[in-house]
Amino acid sequence: MKFSIKSSDKSSNARAGILKTGHGVIETPIFMPVGTAGAVKAVQIPDLSNDTKAQIILGNTYHLYLRPGLDIIEVAGGLHKFNGWQKPILTDSGGYQVYSLANTRKLTEKGVVFQSHIDGSKHEFTPENVMDIQRTIGADIIMAFDECTPYPCDYDYAKNSLGITHRWLDRCITQFDKTEAKYGYKQMLLPIVQGSTYKDLRLKSAEFIASKNTEGNAIGGLSVGEPHEMMYEMTDLVCGILPKDKPRYLMGVGTPENLLESIALGIDMFDCVMPTRNARHGIIYTAEGIINIKNEKWKNDFSVLDAKGTSYVDQQYSKAYVRHLFAANEILGGMITSLHNLAFYLWLVGEARKRIIEGDFTIWKNAMVKKLSSRI
RNA sequence: GGGGAGAUUCCAGAGCGGUCAAAUGGGGCAGACUGUAAAUCUGUUGGCGCAGCCUUCGGAGGUUCGAAUCCUCCUCUCCCCA
């Protein structure tokens, strides 16, 4: 697995690259749709692949471990065979659940004991077994077990947490190195920079992570409620330290605007539930701004969903019809908007890539950002 | 023809003398959502010159300091028996 930079932007730190994985090549910058439980919610594999142009999707260690369970996935021959997605997959380690399910887990130096949100049973996750689980799931890219700290987070907590995340990383690497991929293709392990919103902790973490010389690096613990400027500041700081010749993955980000600004700072990979979750809640993202398709003003608007959209749903359905589907609680509504949003996100990063290669990224980005966050 | 029940804010449906512009649910309107416990959650839903006032609980009268709540008549629904 290799990362190569095809083109670097001259007026920013943006780059266009290629990442080779066990299931093919990923062109960066890239957005990775989130498929927590082995499915990108409301989207079928052929649409995901052919219509949205997704190149890689996510799965989640905690969720897949609890259901369907490792026995099922192993018998299936790994997640790719189980869900039918034959392109690259990345699995999150459960580090985000340490944050999002904070009320039902206990964290110690050894690891985390989660109380299942499904049946209340207890399950211990350690850096070691999280590597083993991700070996069994069989994602092409797997993540180190970390603690995603909340925001706000006091300094002492963040510092202590960072120590744990770093020590867990060493244990992850040890375990990863002494185990092998199960399904005939290589997996790569990415470590995660933490440190909350503290510059010194972020710097220290980035240096530590960089020293591991892994095939790529991730930045976590951001986009958890802090102001966007703070997120950009931390991202910029960390990108300055992480090696340039390795892909950088900003976890859990973000809005279309966040993506473009972070690409400018040197980020290559993103994932976020926003395009899919918000789609199911009636929000669609377009090059002209954000639309809440449930709003009354679309009731009699029979224009196509997104005249400039790249998905077939954009020309196939009218705004009034999609609004009706939401009003009628028809499941098709969320399917249409999910497909649209993913296609838009993939178009956005694809366009960014093109502009980086052509050399007018920053001009294009600045013009786009103004429109992206406006409400239509 | 005889007997009974009931008419409440967009709908359903509580309330049964003051704490009622009126519970709760639905519907409507709007908002939130960033490595997914999320097809979820939150707010709002008579009017206005809005810490107050005005108009509302089928209609018209009445009792009372005070009525959606009690009384009288009227109108209309629904159920049972013939």
Side-chain angles (χ1 to χ4, degrees), chain A residues 31-43 56-64 66-67 89-105 114-120 130 134 139 141-151 165 190-194 218-228 230-231 235 249-259 261-262 267 269-283 285 290 292-299 323 325-338 341 345 373 375:
Chain A
F31 177 78
M32 308 181 280
V34 179
T36 305
V40 175
K41 296 185 193 297
V43 181
I56 169 172
I57 63 174
L58 260 67
N60 180 277
T61 299
Y62 168 85
H63 288 278
L64 291 168
L66 285 182
R67 192 165 54 192
I89 293 176
L90 179 153
T91 40
D92 183 36
S93 61
Y96 185 73
Q97 280 63 44
V98 176
Y99 156 77
S100 68
L101 302 177
N103 295 331
T104 50
R105 54 81 173 157
F114 285 102
Q115 187 160 16
S116 164
H117 67 286
I118 300 166
D119 64 7
V130 164
Q134 291 185 101
I141 303 171
I142 72 175
M143 302 306 298
F145 193 41
D146 67 333
E147 180 188 9
C148 175
T149 50
Y151 178 85
T165 287
L190 302 195
I192 304 169
V193 173
Q194 289 290 343
I219 304 170
L222 292 175
S223 65
V224 287
E226 77 286 0
H228 285 180
M230 203 174 266
M231 176 172 86
T235 302
Y249 165 27
L250 182 56
M251 305 184 78
V253 174
T255 65
E257 184 182 350
N258 289 161
L259 262 53
E261 295 294 5
S262 302
I267 297 296
M269 303 162 72
F270 302 90
D271 77 284
C272 190
V273 304
M274 197 166 264
T276 43
R277 178 189 288 167
N278 284 8
R280 295 192 305 281
H281 299 164
I283 301 294
Y285 297 93
I290 302 166
N292 183 344
I293 202 66
K294 296 197 287 190
N295 285 173
E296 189 171 27
K297 60 183 167 186
W298 309 115
K299 193 173 185 175
R323 178 182 191 272
L325 293 176
F326 272 89
N329 201 25
E330 284 290 340
I331 197 166
L332 181 59
M335 293 168 68
I336 290 168
T337 51
S338 294
N341 276 351
Y345 266 60
S373 56
R375 303 289 291 223

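Protein chains get the first letters and strands the later ones, always in sequence-line order, with residue 1 at the start of each. In what follows, every heavy atom counts, from backbone to side chain, and hydrogens, waters and symmetry copies are set aside.
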Could you verify whether a donor N or O on one side chain and an acceptor N or O on the other, from A/D92 and A/Y62, lie under 3.5 Å apart? no

Looking for any heavy atom pair under 4.0 Å, which part of the strands does A/E330 touch: base, sugar-phosphate only, or nothing? nothing

In whole angstrom, give me the gap between the P atoms of B/A30 and B/U75. 45 Å

Kindly say whether A/V98 contributes a backbone atom to a donor-acceptor pair with the side chain of A/R105 at under 3.5 angstrom? yes

Mate of B/C29 across any strand shown (Watson-Crick or G-U wobble, both atom pairs under 3.5 Å) is B/G43

NA contact type, A/D271, heavy-atom cut-off 4.0 Å: base, sugar-phosphate, or nothing? sugar-phosphate

Can you measure A/H63 atom NE2 to B/A37 atom C1' for me and round it to whole angstrom units? 7 Å

Considering every strand and a 4.0 Å limit on heavy-atom distances, what is the contact class for A/N292: base, sugar-phosphate, or nothing? sugar-phosphate

Using both distances under 3.5 Å as the test, list the Watson-Crick or G-U wobble partner of B/G1, or none. B/C81

May I ask you to verify whether the side chain of A/T276 and the base of B/U36 hold a donor-acceptor pair under 3.5 Å? yes

Check this one for me: any side-chain N or O of A/R323 less than 4.0 Å away from OP1 or OP2 of B/C29? yes

Watson-Crick or G-U wobble partner of B/U69, both distances under 3.5 Å: none

What's the CZ-C1' distance between A/R67 and B/U36, to the nearest Å? 13 Å

Hey, does the side chain of A/Q97 come within less than 4.0 Å of B/A37's phosphate (OP1/OP2), counting only N and O? yes

For A/A139, does its backbone N or O pair with a side-chain atom of A/Q134 as donor and acceptor, under 3.5 Å? no

For the C1' atoms, the ones on B/U55 and on B/U8, what distance do you get once it is rounded to whole angstrom? 16 Å

Please give, in whole Å, the distance from B/G31 P to A/F326 CZ? 14 Å

Let's see if you can work this out: which of B/U40, B/A39, B/G35 has an atom nearest to the side-chain heavy atoms of A/C148? B/G35

Watson-Crick or G-U wobble partner for B/A7, using a 3.5 Å limit on both distances? B/U75

Presence of donor-acceptor pair under 3.5 Å, side chain of A/N60 and base of B/G35: no

N/O (side chain, A/S223) to phosphate O (OP1/OP2, B/U34) under 4.0 Å: no

Any-strand Watson-Crick or G-U partner of B/A14, both distances under 3.5 Å: none

When rounded to whole Å, the NE2 to C1' distance for the pair A/H281 and B/A38 reads 5 Å

Within the structure shown, what part of the strands sits under 4.0 Å from A/N295 by heavy-atom distance: base, sugar-phosphate, or nothing? sugar-phosphate

Expected output: side-chain A/T91 to main-chain A/I142 donor-acceptor under 3.5 Å: no

How far does the P atom of B/A51 sit from the matching atom of B/A60, given to the nearest Å? 32 Å

Between B/C53 and B/G13, how far apart are the P atoms? Round to whole Å, please. 34 Å

Gap between atoms OH and P, on A/Y96 and B/A37 respectively (whole Å): 7 Å

A side-chain contact here means heavy atoms from C-beta on lying under 4.5 Å apart; do A/P33 and A/V43 qualify? no

Base, sugar-phosphate, or nothing: which does A/G254 touch, judged by heavy atoms less than 4.0 Å apart? base

If we take the P atom in both B/G3 and B/U56, what is their distance in whole Å? 36 Å

Mate of B/U36 where both pairing distances stay under 3.5 Å, Watson-Crick or G-U: none

Spacing of A/L222 atom CG relative to B/G35 atom C1', expressed in whole Å: 11 Å

From CA spacing to verdict: side-chain contact (heavy atoms from CB on, under 4.5 Å), A/L325, A/I336: CA-CA 10 Å; A/L325 293 176; A/I336 290 168; 3.7 Å; yes

Donor-acceptor contact present, side-chain A/T36 to main-chain A/N60, <3.5 Å: no

Presence of A/R280 side-chain N/O under 4.0 Å of B/A32 phosphate oxygens OP1/OP2: no

Using the C1' atom as the reference point in each nucleotide, state the distance between B/A23 and B/A14 in Å, no decimals. 6 Å

Mind checking A/S116 for me? I need base, sugar-phosphate or nothing, with any heavy atom below 4.0 Å counting as a touch. nothing

Which residue lies toward the 5' end of RNA chain B, A/E296 or A/I283, if each is placed at its nearest nucleotide? A/E296

Once you apply a heavy-atom cut-off of 4.0 Å, does A/I192 come out as touching a base, just sugar-phosphate, or nothing? base

B/U44 to B/U19 separation - C1' atoms, rounded to the nearest Å: 24 Å

Watson-Crick or G-U wobble mate for B/C48, both contacts under 3.5 Å: B/G52

Would you tell me whether A/Q194 and A/T165 have side-chain atoms, one donor and one acceptor, within less than 3.5 Å of each other? no

Measure from CD1 on A/I293 to C1' on B/A30 and round the result to the nearest Å. 15 Å

I'd like to know if A/H117 reaches the base of B/U36 with its side chain such that a donor and an acceptor end up less than 3.5 angstrom apart. no

Categorize A/R375 for me: base, sugar-phosphate, or nothing, with a 4.0 angstrom heavy-atom threshold over every strand shown. sugar-phosphate

Does B/A22 have a Watson-Crick or wobble mate here (both distances under 3.5 Å), and if so which one? none

For the P atoms, the ones on B/C71 and on B/C80, what distance do you get once it is rounded to whole angstrom? 27 Å

B/U34 P sits how many Å from A/D92 CG, rounded? 15 Å

Using a 4.0 Å heavy-atom cut-off across all strands, classify A/G333 as base, sugar-phosphate, or nothing. nothing

Working for side-chain contact (heavy atoms from CB on, under 4.5 Å), residues A/S338 and A/K41: CA-CA 8 Å; A/S338 294; A/K41 296 185 193 297; over 6 Å; no

